[in-house]
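Whatever order the structure lists ligands and atoms in, that order sets their numbers, starting from 1. A quick note: this is a predicted structure, and the numbers were derived from the prediction, not measured.
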Amino acid sequence: MTQAPLLLSVDNLATHFFSQEGILEAVDGVSFDIYAGEGLGIAGESGCGKSVTAQSILRIVPKNGKIVTGEISLIQNGESVDLVQLDDRGQEIRQIRGGEIAMVFQEPMAAFSMVYTIGNQITEVIRLHQECSPSEARERAVEMLRRVGMPQPEQTIDAYPFALSGGMRQRAMIAMALSCHPALLIADEPTTAVDVTIQAQVLELMKDLQRDMGMALIVITHDLAVISELCDRVMIMYLGKDVESAPADVIFRDPKHPYTVGLLRSVPELGEGHSQELDPISGSVPSPYRRPTGCPFHTRCPDFIPDVCDVHMPPQIELGAGHRVRCHLYVQD
Ligand code: SF4
């Protein structure tokens with residue numbers, strides 16, 4: 001099987017926040033690649049840096065944050081553009097946002113203005129990125145609403161966001177994000193704000209659209225079940241570090257990093273222990289302002305090696321077949 005072309009390469013990305021409390025190293029040296037049509041899941045507890053990674057790609061990091069090192073290369077028509085070098089308010093990144101790369105958020109209300117109909121807002125995105133008349137843009141918007149399973153799209157297009165149910169708003173937001181046929185869709189906790197039945201429908205919809213449109217997908221979630229539904233590969237983050245990444249089947253079958261092992265144990269239906277009690281990871285994530293020395297997970301790790309793990313940051317170890325881990329247990333002599 002031939003490898004799909006490389007679409008986005010993130011290399012040693014670090015994004016920090018500066019405040020009176022100190023410097024928060026929200027993302028600290030993260031690297032990953034994503035290929036056309038592929039699904040990558042980024043998982044970890046809240047505060048691990050997964051959403052800031054997405055904000056960095058789109059250059060929408062909040063004001064007190066800054067990308068301090070790294071490259072984010074988007075490959076378009078064989079040309080590579082480093083998104084870190086672009087003016088975050090400039091024309092070029094605005095064309096890429098919503099064009100090549102689109103995003104759906106946990107809360108659809110954040111994506112829509114309440115004072116315009118969803119049709120106004122979807123057609124505006126279409127006309128910003130594609131040359132077409134207002135009536136053509138409306139036709140495309142109706143078509144996209146139909147595609148995401150919106151009932152009566154010809155009528156619903158004129159509804160205001162607040163008049164739609166949570167599930168319908170979620171569909172409308174996905175329609176808006178996909179209206180310019182992005183090469184990459186970033187979904188940040190796409191199903192957290194909707195109930196379980198709608199969750200299953202939204203996941204099914206995203207899977208179908210990804211396959212039909214040949215689009216790459218980055219799913220950011222704390223929910224490993226979402227990743228197992230949608231993703232080919234997984235990157236696990238802890239306190240701003242990419243602690244393990246591997247093909248999804250490998251992570252679920254043979255996790256190596258003690259944090260990944262703990263995460264999977266706390267979701268028995270995905271981990272090995274179908275009949276085991278829920279076994280959450282002990283302790284809590286330390287304050288990101290007081291990051292532990294050495295391995296950031298050493299304060300909670302059952303495999304902690306004294307005078308090693310609390311002193312030295314583990315290097316990234318290649319285990320083969322696209323499996324990488326940052327842990328002293330796997331350092332070869
Ligand atoms: Fe645990 Fe040490 Fe590995 Fe960190 S480096 S995960 S503390 S064994």
Side-chain angles (χ1 to χ4, degrees), residues 10-16 22-32 40-53 69-70 220-224 227-228 231 233-268 270-273 276-333:
V10 174
D11 184 26
N12 197 27
L13 175 71
T15 304
H16 297 174
I23 299 173
L24 192 157
E25 296 171 1
V27 177
D28 190 26
V30 164
S31 301
F32 61 91
L40 170 73
I42 305 183
E45 288 162 289
S46 79
C48 70
K50 52 194 192 305
S51 293
V52 179
T53 302
T69 57
I220 290 167
T221 183
H222 65 281
D223 185 348
L224 291 166
I227 286 184
S228 74
C231 300
R233 277 192 306 128
V234 187
M235 179 170 83
I236 307 289
M237 290 186 68
Y238 187 79
L239 273 181
K241 290 279 182 201
D242 47 351
V243 295
E244 183 163 12
S245 52
D249 59 324
V250 174
I251 283 270
F252 291 125
R253 183 172 27 85
D254 188 22
K256 295 294 188 197
H257 196 282
Y259 178 60
T260 315
V261 172
L263 274 184
L264 284 164
R265 279 224 187 98
S266 62
V267 191
L270 283 172
E272 288 174 355
Q276 285 174 3
E277 292 288 305
L278 201 71
D279 184 10
I281 300 167
S282 68
S284 52
V285 183
S287 160
Y289 290 104
R290 281 181 291 283
R291 179 193 283 270
T293 53
C295 170
F297 188 56
H298 85 252
T299 55
R300 303 171 75 190
C301 181
D303 301 309
F304 168 70
I305 312 165
D307 301 327
V308 176
C309 298
D310 49 345
V311 177
H312 304 290
M313 174 70 79
Q316 193 163 61
I317 316 289
E318 291 279 349
L319 300 174
H323 194 171
R324 296 184 304 188
V325 66
R326 284 184 197 273
C327 174
H328 289 299
L329 295 176
Y330 301 96
V331 174
Q332 280 116 21
D333 298 327

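- Distance check for C301 against atom 1 (Fe) of ligand 1: an N/O/S atom falls below 2.8 Å.
- Here the side chains of K256 and D254 are in contact, with some heavy-atom distance below 4.5 Å.
- A perpendicular orientation is assigned to the rings of F297 and Y238, their planes being inclined by more than 60° (bins at 30° and 60°).
- In plain terms, the two heavy atoms of D242 and G29 that are nearest each other are OD1-O, 3.6 Å.
- Proximity of C327 to ligand 1, defined as any heavy-atom pair under 4.0 Å, is shared by backbone and side chain alike.
- Neither the backbone nor the side chain of R326 has any atom closer than 4.0 Å to an atom of ligand 1 (non-hydrogen atoms only).
- Short contacts between ligand 1 and H257, defined as distances under 4.0 Å to a heavy atom of the residue, involve ligand atoms 6 (S).
- Among all non-hydrogen protein atoms, the one lying nearest atom 2 (Fe) of ligand 1 is C309 SG, 2.3 Å.
- Annotation for I227 and I42: closest pair CD1-N, 4.1 Å, computed over non-hydrogen atoms.
- Backbone or side-chain N, O or S atoms of H328 do not reach atom 2 (Fe) of ligand 1 at under 2.8 Å.
- Between the side chain of H312 and the backbone N or O of H328, no donor-acceptor pair lies under 3.5 Å.
- For the pair V331 and P314, the minimum side-chain heavy-atom distance is 4.5 Å or more.
- Taking every non-hydrogen atom of C295 and a distance limit under 4.0 Å, the qualifying atoms of ligand 1 come out as 4 (Fe), 5 (S), 6 (S), 7 (S).
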